[in-house]
Every structure is written in C-alpha cells, then in structure tokens.
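Everything below concerns the one structure shown next.
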Amino acid sequence: MGLTKQYLRYVPSAVFGLIGSQKANVVFVRLRGGEQGRYVAVGACEHVFIWDVRKAEKVLILEGKKHEVTYLCPSPDGIHIAVGYEDGGVRIFSLLNGESNVSFNGHKSAITVMHYDALGARLVTGSRDTDVIVWDIINECGLYRLKGHKDAITQALLLKKKNLLVTSSKDSFVKWWDLDTQHCFKTMVGHRSEVWGMVLLNQENRLLTGSADSELRAWDIDYLEEDKEVGEPQEKKGKSFLDDDDDDDDENEGPNEEAEDRILSCKKAGSILREARDRVVSLIADPKAKVLACHGLDNTMEIFAVLPEEEIQKKMERKLKKAKRKAKSQDSSADGADIVVERKLTDEIQKLASLKASSKIRSVDCLLSPNGEMKVALLLQNNTVEAYSVKTTEKNPTGTKTSRLTLGGHRTDARTLSFSSDNIAILSASGDTVKVWNRATLQVIRTMACEYALCSLFVPGDRQIIVGTKSGKIQIFDLASGSLLETAEAHEGALWSICLSPDQRGIVTGGADKMVKFWDFELIKDNESGANKRLTVKHTRTLQLDEDVLCVRFSPDQRLLAVSLLDCTVKIFYTDTLKFFLSLYGHKLPVLCLDISHDSALIATGSADRNVKIWGLDFGDCHRSMFAHDDSVMFLQFVPKTHLFFTAGKDRKVKQWDADKFEHIQTLEGHHGEVWCLAISPSGDHIVSSSHDKSLRLWERTREPIILEEEKEMEREAEFEESLAKGDEPVVPGETKGEAEPAGKKTIETVKAAERIMEALELYREESKNLEQHKAACEAAGKELPPPAMNPVLVAYGRISPAQYVLDVIKKVRSSELEVSLLVLPFPYIPDLLSLLNTYMQQGLEVELVCRCLFFLLRIHFGQITSNQMLLSVIDELRTNTISKVREIRDVLGFNNAGLQFLQREIESKEDVMFFADATDRFQEKKRKRRKRERAILTIT
C-alpha cells in the first residue's frame, strides 16, 4: 500500500479592508450607555461592524456565519440589534457582549426590512420572497406569515396605538393588516410604480410614501372610534377613503370595504416635491418623527422638518393677516371676515436643508437631540461612512461634516495583492490608492495615492513597492516615507502583468501594446535628498508579440519566460535569447492567469473559459484539463515549494488543487462578489484574497489534515441543505392557503430536531417495554427480580427516567424551530407523545412548553386524534390537567404582578427616594440652567 498524500486545511482568519457593505443599511446604536449618535452599525459581508465615528475605530464585531447581512434594526431599548441575512435568516445580538442567542428562520430569500414594536417584544420582517412574518421575541417563535404582496417588501411599520401593520412593496401597493385577525383589510393603490419608502408622522395620523418619482405622497389616516363602529356602519359604508381629484381613489375592494370602515379611513392629503428626479432609496424619520431624511440614487440627501401644531397655527395666522392686508389694499371697503386661507401640506412639512456627500449615498440614519441638533450617518457607495451634524433650529441650517471613515479600506475594488518577503506586510492597490497592511494587526501602515493599479510587487528588501497601472506606467513608492519615487512610462496600453526575475535584479512587464519589456533595478543619485540614492528601473530589452500580453511569468530557474496572449495561447520563450520554445494551445478563451511550479517542471493556466490546464514545461504537453470555476478564472498561484496551487474565480470562490494528482482539495468560500486576485505568503502559511465586495480576506494554514472523502461528503451535505431550504413550505393538514400561514420553514436543523425527538420516543418505548416485561417476570416468579440494565444514554444523563429524557430532548429544540420539528413527526409517534405530555402536565413540568406542543399537535392532527378511541381518554385527562395547571400558573403570575405593583407604589410614595437615572437628569438640568444664567450675566455686563 502506497502512502496517502496529506493536505493541510486553510481556514478563514480575518476580514479587513471593509468599512461597510452596500447591501445592508447603516443605523445608530447605543453601546454600553454611551452617548447617542457616537456609534454606528454597518453590515460588513457576513459580519456587522460597530464603529466609533468620533475616533474612527472599530469597537465591536458581531460575527455572522456564511450569508451576507442585508438589514439591521436596533431594538427600542438599545440593548439588542436584529440582523437580517441574504438567506432569509434573522439573528438577534446583544450589544453588551456581542453574543447571539435568538435566531429565526422563516423566509426563503434576503431580508429587505425589519421593524420592532414599541415594547421591543415583536419583530416584523419583510423579504424578497414577498412575505411578511411577525415574530414573538420573548417566546422566540414565529407568530404568523402574512401573504398578499406580489413583489419584494420595501417597508413594514407597526403602529403603536393599534394592533395594526402597514407594509409597502415593489408591487406598487401599500397594505394595511389587522394583526388581531391576521387579515389585510385595506390596499392602497394610489401609486403608479414601486413604493420604496414609508414613514408615519403626526402621532401616526399621517403616512408619507416615496416611490419611483420625485413626489413624496402624504395620506391622512382617520382611526374610527369604537362606539361609532356599532352605531353607524351603514352610513360609512359608501365612503371613499382616497378622496382625491384624480382616479387614485378606486381602491375599495368589495368584501373588504366594511372592514375598512370599521378600522380606519385614509385619504390623500397632497404631495411634497423632491429636488431629485430619480427614485427614493431611503425615506426615514428620527424616532420622534420630527425630521425626515430622503435620498435618491445620487449623492444628495434632503432634510424636511415636520412642524408641530402650534407652529403651524402661528404660520396660518400670519398668512391670514397678510391675506387680509392684501385684500384691504386692493379694496378699502372689503371686509376681511370672509377671507379663508387654505392649509396646505407645505405649511406642515417644510424643507430644511440638503446635504451633499462625497459619493453616491447607499443608506442613511438620523437622530434628533433635544437641543435641535440632528446627527446624520451616511453609508456611501464607495466603502465609506460619513457623519454630519445639522442644527435644525437655525434659520438656514447647513450640514457640517463631523467625521469620515475611510482609512480602513479602499474606495474601489482592490485589483492586485502582494506579500512582503518576511510574510508580515500585505500590499493592496485599487483604482486610486495603494495600502500596506500589517498582517498580524490588520492595521493600515501606509496609504499612498496612485493611478489605477492592475499589478504590484514588493522590491527585494521590502523597502519599496512597484505598481503597474492602467495607463501603462510603472510607479515606484518608498515605504518608509510613503512618497512616490518615480513614475516611468512603460507601455502605451494597460500594464496587465509584472513579474520579479528569480535573480531579484529586475522585473519583466507585459502590456496591451503587444510588448514584453525587461527592466533592471538601479540606484541613482537623488537630486532632492543630496547624498542618498533612490531606486529606479532601466529598460534593457523588448519582446514584440502579435497580440496583447495578459500575463508574464519567469520560470524559477530563469531559463524560460511564459507569456499568455489575447489569442487564447501561451507562448514560452528562452529568457537569454528570447527565442521561441513552445506554444500551449487548448483554451477556448484568453488565458487570464498562469504560474510555474518551484522546480520549473509544471505550468498551470487559468482561463476565461472557466478551465484550468496543467502542462509539462519540458515538451508542452497538457497533463490534465479541469473544470475549475463557474465563471472566469481570474488568478492562479502555486504554493511555494509544492505542486499545490490556488485559483480565484468570478464565481466568488477560492479553490486549492493538486497539480500531480489533478484533484480538487478545498474550496474557500466567504466572498460575496467576484474574486479578483489573491496572494500567497512566501512561507505558504497565509493567503489573502480581494473581491468586488470591497473586502480583503485572510486565510491561515492549520495543522489539521484534510481527508478528501470527508470534504466531498460535506459538500454533498451543503448541497442537500441548500435544496431543502429552497423546498416547499410545510403543509399543515386541514388548513387552506390564505393570507396568514405558519411562520416556520423546514431546514436541516428542524429535520435533525425531529429525528432526535423520534429517537427519544423510540428509546422511551423500548424502556417501557423492558419495564413491563420485568414486572410480568416478577409476578410470575412471585419475588422481586433485579431490574433490567438501563440504556447507556439514560446512564450518561445521570440515570434519568425515559420520560424525563424525552422532555429534555424537546427542551433543547430551538423555540423558533419547535412547531416545524413537530410537524415533521409521523403520526405513529403522536399517541406516545400525547400520553407523555399528560404525564408532564400532572407533575407540573414545563407547563408552558407542554401547552405549546399540545395545542400545536391537536391543531394539525385533529382529525386522526378525534377518530382514535384510545386517544380520547388521554385527551379527556389532558383537558382536566391542563386547565388546573394553567390556572395555577396564572394565579402565581397575578400574585407576583400585584406584589410588584405594590412595591412600585410604595417606592413612589416615598418622595425622598430618587432613582439614579432621575438624579443624573436633574443634575444635568441644573448644570444647563447655570450655564444659561452665566451667559446672560456676561451678555448684560
């Protein structure tokens, strides 16, 4: 038997170079009682970064698993933050310690919006799958799924005053839902295109919507009184609730009309014109709905003020006086008593200011402090977060930029990466900057402005770096000073590839001008610094070719030079004479990357045709062609001193291959955009990769061996899980599909949980059977026999009873997955489970959990349970036990509640007791008054 070749696993080490992803929004958060407006949370691929905007530091990372973050929503108390992901999952993190204990899984695709209720007890989520789900955070379970929209949900708002929900969607409809009945009682059809944003104003008596035009439409909401509902339903039945002059009011929907009348009426109140002509991207209000912020696809954000009623009245009085004066001046005999000034929407909502950001705005969040200062956080398209301050109390307020987070990443995609010879520094270069990072701390050491970079390398000695640009120039930078030493005109077109010669005395470059140029390093006297010498490059030779050069590589023995051309071939030349040696042809599309192994025996090529080919350098024969990626292969590099190599593709994956055995070893998944390039450290212990998602990822080699069969098995499991997630929703017997459905979704976790419950029930059956046989044997023998051996599982759990073991297994199922797990259970297990639930109820064990399981099982298996005579007696017992135990719990809760209220009244009656928070507020108020007094004294003197 031959020895098996052992491979070592590479694992994700860190994500850096990213400030905020484009798919998620930006939100203000409070951290450990810190001041408001200081910390912002942004999605960063699968993680959430929390930045201190004042210090421009990352203070907390909420770590995700695999899928990209698409939406963030902080809880009303500021202690938690809900994070929505690309796969439809939701996780709730604590901002105190960064841990996540609650997760929900109900949507089939990306979360597009989330909203907490006023108490923070319920969470509404909307998704691209057109569904809206209401989750109970306290019980950690889904309440119901609301279906009705025909396109992605764009906003969902829970009302504070009533148990109502309003949702908007890209299908151009705004729907009102009664959450008591889980029914859509009203659909507003006043929009001609997608509704992109929505806010509630004026104590939830006005709705403002933004769509794909320059208008923000306002709708007046009139909540009908309870006593009017009963007395005069007929009178209201004929009313139209979108009382507009145009045909926007044809929205009453026959059967729903009466339901609308009973809950609320809604009519168009006018519209506000925005400066921008494109669609609304974000429309948000501060928590107290005093200011509005709105922006489109450009870099301008408009701020509107919602005036309070007293201010509007004063404004109307001034208008009326003006109108009377005007009428009197025109006709001295006119009486001003009959003059009426019409109240318009622009009198209630007026534009305050416009903010211009440095790039296109992706998302916005705002806060309004009691002194009228508005803090605004902007997440920009170019991987930047900007913070502004606007003083809304001024006559003509303007935005002041307070901070800008830029240092931690590139403004555009990093197209080239390189490692220093000591494995410590990483070089990344993008369309406008070159950054050098410390691999250990992931901090930026140097940032230097450059032209559009396409390739780069560290000069031997790691004191200078060379960058090849899109304009065909070579730029040389000094690392110590961060200065540009020299810019040399190298090629007339883009400089696609640069390679260091193995003797480290020079470089070779290949460009779009069909030339390969050889350069030698030289030290020349620097006129500026006097005695010091600086590095430059001297052009020595040129190789003219028939096609654009895409990639050049020296063989490590410096005997050969490989050049890939736009005609899909790779030409190999002798380095000394530049004579032609071999041509490698077989790729159907241009070869974008290639590399030669350390012993100059193999050459691997990666192409836009998605294939990787391995060739022998001795005769140019193709050893193997492998389908590598689902899109173009962008980069390829051998691990130093091995025949293993890595490839990066536009399919978002980095893969490791064995060039001897032609085997795929490992796939490194993590990037959420096309992977442009990668670099392997000289030791082979680290890999860094760059992607269109603006992130740089570091991967680390571990000592853990890879077993290829296990890797393939894991890949098959992942594919099965993905297919399961895309499968149909669980069908509840006896329930027809309607507007409201169960919130759960079948996943691999729910299937495994159901399997564990089934295994526990089978163990319970087996143990019960053994005990019965033992009892019968004792009766037959007429004496007590030694008990049968206990199941090893029960012994491991501390010799617990089989019934207790089943309860422990059910308790370990996630609360949000319990219903779907019970739904997967086949009916033959249900009778045993019901009798066990009866036992738990008699003993008063986990009454709430038992009730939840019991009610769900009765609902979904009602027909089969009622037709089974054996189960009727169990159900009868359950009814008696459940009612008595639930009454006991209710009495205990009532007693505790009354006790707490009594304590509260006692504390409130003692006026000398002051809570710490109240004392602090009072102290701050005194301080403010003292400052005002001091200012007044200074002004008088």
Side-chain angles (χ1 to χ4, degrees), residues 71 73 75-76 82 84 88 90 92 102 104 106-107 111-127 129-150 153-169 171 173-188 195 198-200 203-207 209 219 221-226 229 241 251 253 255-266 289 729 732 735-745 815-816 819 852 855-856 859:
Y71 203 84
C73 180
S75 63
V90 176
I92 295 172
V102 182
F104 300 123
H107 291 287
I111 301 289
T112 53
V113 67
M114 291 190 291
H115 188 73
Y116 275 96
D117 70 352
L119 295 170
R122 288 180 302 170
L123 180 72
V124 176
T125 59
S127 165
D129 65 5
T130 76
D131 293 349
V132 176
I133 299 180
V134 182
W135 305 93
D136 183 342
I137 292 176
I138 294 164
N139 283 335
E140 298 179 21
C141 65
L143 295 175
Y144 34 81
R145 179 193 303 268
L146 302 172
K147 299 175 86 73
H149 283 292
K150 300 287 184 287
I153 309 297
T154 55
Q155 187 58 281
L157 302 171
L158 277 162
L159 275 71
K160 293 173 188 170
K161 294 194 283 187
K162 306 241 177 187
N163 195 23
L164 302 178
L165 170 71
V166 56
T167 59
S168 64
S169 166
D171 62 6
F173 299 136
V174 173
K175 286 182 178 283
W176 288 85
W177 305 82
D178 182 355
L179 297 184
D180 292 326
T181 58
Q182 295 113 53
H183 165 65
C184 173
F185 64 88
K186 186 177 188 63
T187 301
M188 292 164 57
V195 182
M198 193 167 62
V199 288
L200 284 162
Q203 281 84 45
E204 300 179 345
N205 288 318
R206 171 161 291 156
L207 182 72
T209 55
W219 314 83
I221 305 162
D222 183 19
Y223 300 98
L224 305 183
E225 300 296 328
E226 297 292 328
E229 287 180 21
F241 300 119
E251 57 152 330
E253 298 191 339
N256 288 350
E257 194 174 334
E258 198 176 331
E260 291 175 18
D261 287 353
R262 286 203 300 271
I263 298 170
L264 59 85
S265 69
C266 187
E729 298 154 12
V732 178
E735 285 200 7
T736 55
K737 289 207 171 207
E739 285 182 328
E741 288 184 5
K745 181 180 84 169
S815 183
S816 56
E819 272 94 350
R852 194 175 154 199
F855 299 151
F856 183 76
R859 195 168 82 244

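These numbers come from the heavy atoms of this one structure, side chains and all, not from hydrogens, waters or symmetry mates.
Minimum heavy-atom separation, A156 to V113: N-CG2, 3.8 Å. In this structure, D136 and F104 approach most closely via the heavy-atom pair O-CZ, 4.0 Å. Across all non-hydrogen atoms, the minimal contact from L123 to A82 is CD2-CB, 4.0 Å. Heavy atoms only, all atoms of each residue included: A121 and I138 are closest at CB-CD1, 3.7 Å. Between I221 and E204 the shortest heavy-atom distance is CD1-O, 3.9 Å. Of all heavy-atom pairs between M114 and V90, the closest is SD-CG1, 4.0 Å.
Evaluated for a side chain to side chain donor-acceptor pair (under 3.5 Å) with T167, the options H149, Q155, H115 yield exactly one hit, H149.
Of the inter-residue distances, the one linking D178 atom CG with K162 atom NZ reads 10.0 Å to the nearest 0.5 angstrom. Rounded to the nearest 0.5 Å, atoms CD1 (I92) and CH2 (W135) are 10.0 Å apart. We find the OG1-CE distance between T209 and M188 to be 6.0 Å, quoted to the nearest 0.5 Å. Taken to the nearest 0.5 Å, the CH2 atom of W176 stands 14.5 Å off from the NE2 atom of H183. The distance from atom CG of D131 to atom OH of Y144, rounded to the nearest 0.5 Å, is 14.5 Å.
K175 places no side-chain N or O within 3.5 Å of a backbone atom of S169 that could act as its donor or acceptor partner. The main-chain N or O of T125 is never found under 3.5 Å from a side-chain atom of Y71 such that the two would form a donor-acceptor pair. Under a 3.5 Å cut-off, the side chain of N139 and the backbone N or O of C141 do not form any donor-acceptor pair.
Take T154 and apply the side chain to side chain contact (heavy atoms under 4.5 Å, CB included) test, not counting sequence neighbours, and it matches S168, K170, W196. Qualifying salt bridge (charged side-chain N to carboxylate O under 4.0 Å, His left out) partners for R852, counting only residues two or more places apart in sequence or in other chains: E819. With sequence neighbours excluded, no residue forms a ring-ring contact (aromatic ring centres under 6.0 Å, His included) with W177. Contacts of D117 classified as salt bridge (charged side-chain N to carboxylate O under 4.0 Å, His left out), with partners at least two apart in sequence or in another chain: R122. Every residue two or more places apart in sequence or in another chain that forms a side chain to side chain contact (heavy atoms under 4.5 Å, CB included) with S127 is listed here: H107, S109, D129. Taking K150 as the reference, D171 meet the side chain to side chain contact (heavy atoms under 4.5 Å, CB included) condition, with sequence neighbours excluded.
Looking at heavy atoms from C-beta onward, W219 lies out of side-chain contact with V174 at the 4.5 angstrom threshold. Taking the side chain as every heavy atom from C-beta outward, V134 and L158 never approach each other to under 4.5 Å. Looking at heavy atoms from C-beta onward, L164 lies in side-chain contact with L264 at the 4.5 angstrom threshold. The closest side-chain heavy-atom distance from L165 to L146 is below 4.5 Å.
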- Message: Run the side-chain contact (heavy atoms from CB on, under 4.5 Å) test on L159 and Y223 for me, step by step, so that the C-alpha distance in whole Å, both residues' side-chain angles and the decisive distance to 0.1 Å come before the verdict.
- Response: CA-CA 12 Å; L159 275 71; Y223 300 98; 2.8 Å; yes

